[in-house]
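Here is the structure we will look at, set down as C-alpha cells.
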Amino acid sequence: MRRTLAARLLQSVVVVFIVTTITFFVVRLAPGDPFSYDSTAITPAVRAHWRAQFGYDQPLGVQYVKYLASVAHGQFGYSFERHEPVVAALRETLPNTLLLAGLALGASFLLGVVVGVVQATHRGRWFDRVSSGLLLTLYSLPDFWGALMMLLLFSYWWRLLPAGGAVDPVMHDYLPAGRALLDRISHLVLPATSLTLLTTAAVARYQRSAMLDALPADYVRTARAKGVPERGVVWCHALRTALTPMVVLLGLLLPALLGGTVFVEKVFSWPGIGYLAVSAINARDYDVVTATVVVGSVLVVIGNLLADLLHAAIDPRLRA
Amino acid sequence: MHSNPGLRRLLTHRSARWALATIAVLVVAAIVGPWLISYGGAEQLDIVRLKNTPPSWSHWFGTDQYSRDVLSRVLSGARISLAVASLSVLFAITIGTTYGLVAGYVGGAIDGAMMRVLDGALSIPRVLLLLAVLGLWHPVPLSGLILLLGGTGWFALSRLVRAETMTARRLEYIGAAEALGASGRRILFRHLLPNVAGPIIVSATLSVGNVIALEAGLSYLGIGAQPPTPSWGSIFLDGVDFYAGNWWVVLFPGLAIVATVLAFNVLGDALRDALDPRQLHSHRVPSGPSATSTSVNELLKNG
C-alpha cells in the first residue's frame, strides 16, 4: 500500500508538471501578449519597456525556465489586470471556489445517495420512474443555463435572493456580525443550489445501479433470513457495499464539478477561480490564466488521491 | 432490418422512440430550417419597433435586444451545434477507440504506460484548459473548435474500450484468429472492434449530448462558435439583457438545448439496454429506467 501511495504521489506530481508545461506554452504561444491591448495612449516604446520589465521579450525557453523556477518558489507571476501578484488573487478566490464546490459536492452526494438507494429499492415503481426522469432532465441541463434559470426564477422574477457576488457590495462591511453572516449565506444559496442540482443526477444514477448490483447478493439474503428489518438490510448491509464504487465516482467527478463551477461562478459573479479565469481571459492576463489551469489540475489530482486513499481505507481487498 | 435483435429491442423501447423522433425532427430542422423561416438568424429586423418584444404570433420565441427573431436564431443555431457536437464526438471516438483497443490488446508494459498517460489526461480540468486555449487564441475557427472538443473528450471512452477489449481478447475466437495467422491490425479492427462496439456507441451517443451542452456553455462565455456563425450558446451571449427583462431569449433556446441533450441521453440509456450482450438471449423487453450498470465513464459531463 505504501509503495502504491508513493507511486501515486509521484505520478500526481508528474501530471501537474505536464499540465503546467502544456498550459504555459498554450498561453505564451497565443497571438499577442498582456501588453498588446488597444490603446492610443500607450506608445510602442512603453509597451516594449513593459515587455522587457516582465521578461516577455526573452526567448520562450528562457521564459519557461524562469516560470518553473518561480512556481517552485510558490510564485505564479503577476496579474496586470488586478495589479497584484497572482498568488494574492488565488488566495482571495480559491477559498470561495472550495466553499462553493465543497458544499455542492457534499450536498449532492448526500442527496444523490439517498435518492439512488430509494430508487433501487423501489425499482420500476412510480418514485423510481418519476425521479429518474427528473434527474435525467436535470443532468441534461447545460450548467450555465441551469444557473441562469435559477437566477431568473429566484432573483429576477421572485426577488428572493441576491443575483450575484459573494456579499452585498455596499452594505456588507457595515452590517453587524449576524446580519453579515446572513448576507454571506443568502449570496451562497443560489450558486450552491444550482451546482448541487446539476451534480446530484450523476451521483444518484450511479448509486442506483451500484445498489441494484448489491441487493441480490447472498449476504443481503442472509441478513433478511436472520430477521434484520428491511430498513437495516438496505441502509446498513447493502449500502455499505454499494458505497464503495461511489468513492471511485468521487474522484472521477471532480473535473466535471470544477467545469460546472466555472459556469456557475460566471453566471452568479461568484468570485472564485472560475470567475477569475474568465475575466483573466478577456484581459489577456497570462499568468492568471496559466495559474487557474494549474490550480484546477492540482485540485483534481488531490481529490483523486484522497478518493484512492478513501477507497483503500474502506475496501479491504485493496489493502495488499 | 428487424432481424437485428438489438435494433428491434431499441425500437420497442418507448422512450427510445421518443428520443429518436426528437433527434430526427432536430436534424430535419437543422437542414431545412433556414428555408422555413422568414428571417435570417443574424438579421436585425427593426431596432426601434421590434427590440425585445415578447413571444407573439409573428415571433414565436420573441425578439432579442438587437430585434433579431429568436426562433430563427434557434433554428439556424441547431445546424452549427449539432454539426460541431457530432463531428467532435466522431473525432473523439476515433482516437479513443484506437487507443483503448491497442492498450487492451497489447497489454503488459505498453498498456501500463498508456494507462498512466490516460490517468494524467483525466486530471486535466477540461473546461479551464479549453477556456485558456479558445480564449487566448481567439478567434478559433470552427474546425479548431471541433478538434479541441474532440481532442479533449476521448480519455474516458478509451479507458472503457480498453476494459472491454481485455475481456474480449480472452475469448476463444481471438485465439483462433491468432492461430490462423491474422495480423494484429486485422484482429484489432476486424475481430475485436465489433465486439466492443456496443459500449462505444452508447458512450458516443451520450457524449453528443454532453458536447452540445459544453459548446453552448463555451459560447455563452464568448469563446465557442464565433459570431456571425450562430450556435445555440451564442444566442445567450449577445441577445440577453436581463435588465430589460427579455427572459424569452434565455428560456426558449435553452429549452431547445435541453430537449436535444435529453434526447441523446435517453437514446444512450436505451441503447445500453438494447446492446447489452447480457440481455441478448432474454426475451424480456426492457422497460422503464435502465436496469444495467451505469458506467462511471458516461457520467463525466464536463470532465
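The structure presented is a predicted model; accordingly, all values stated were derived computationally and were not measured. Per chain, numbering begins at 1; letters A, B, ... match sequence-line order.
- When heavy atoms are compared at a cutoff of 4.5 Å, V293(A) approaches chain B by way of both its backbone and its side chain.
- Distance check: I257(B) CD1 to W145(A) CH2 gives 8.0 Å after rounding to the nearest 0.5 Å.
- Between chain B and the residues T199(A), L29(A), T292(A), the most heavy-atom pairs under 4.5 angstrom are made by L29(A).
- No side-chain heavy atom of S297(A) sits less than 4.5 Å from a side-chain heavy atom of S123(B).
- V16(A) does not touch chain B: none of its heavy atoms, backbone or side chain, sits under 4.5 Å away.
- Using a 4.5 Å cut-off between heavy atoms, L299(A) makes no contact with chain B at all.
- Of all non-hydrogen atoms in W247(B) and L152(A), the two that sit nearest each other are CB-CD2, 3.7 Å.
- Annotation: maximal heavy-atom pairing with chain B below 4.5 Å, among V15(A), T290(A), I281(A), occurs at I281(A).
- Contacts with chain A were tallied for V261(B), L136(B), V258(B); L136(B) has the most, counting heavy-atom pairs under 4.5 Å.
- Counting non-hydrogen atoms of other residues, nucleotides and ligands closer than 6.0 Å to CD1 of I110(B) gives a total of 12 or fewer.
- No salt bridge links R8(A) with D119(B); every basic N to acidic carboxylate O contact stays at or beyond 4.0 Å.
- Here the closest non-hydrogen pair linking W137(B) and P31(A) is CE3-CD, 3.6 Å.
- Within 6.0 Å of CZ on F264(B) lie more than 12 heavy atoms contributed by other residues, nucleotides or ligands.
- Distance check, rounded to the nearest 0.5 Å: CG of N210(B) to OH of Y139(A) gives 4.5 Å.
- A side chain to side chain contact (heavy atoms under 4.5 Å, CB included) with I124(B) holds for exactly one of V19(A), V301(A), I18(A); it is V19(A).
- For the pair L136(A) and D269(B), the minimum side-chain heavy-atom distance is below 4.5 Å.
- Using a 4.5 Å cut-off between heavy atoms, V117(B) makes no contact with chain A at all.
- Between L128(B) and G296(A), the closest heavy-atom pair is CD1-CA, 4.1 Å.
- Between L141(A) atom CG and L262(B) atom CG the span is 9.0 Å, to the nearest 0.5 Å.
- Note that the NZ atom of K266(A) and the CG atom of L131(B) stand 10.0 Å from one another [nearest 0.5 Å].
- The contact between L251(B) and chain A is made by backbone and side chain atoms together, counting heavy-atom distances below 4.5 Å.
- Counting only heavy atoms from C-beta outward, the side chains of L221(B) and F144(A) never approach each other to under 4.5 Å.
- In this structure, the portions of V26(A) lying under 4.5 Å from any heavy atom of chain B include both its backbone and its side chain.
- Atom CG of L129(B) and atom CD1 of I22(A) lie 7.5 Å apart (nearest 0.5 Å).
- Under the 4.5 Å side-chain criterion, counting only non-hydrogen atoms from C-beta, V127(B) is not in contact with L258(A).
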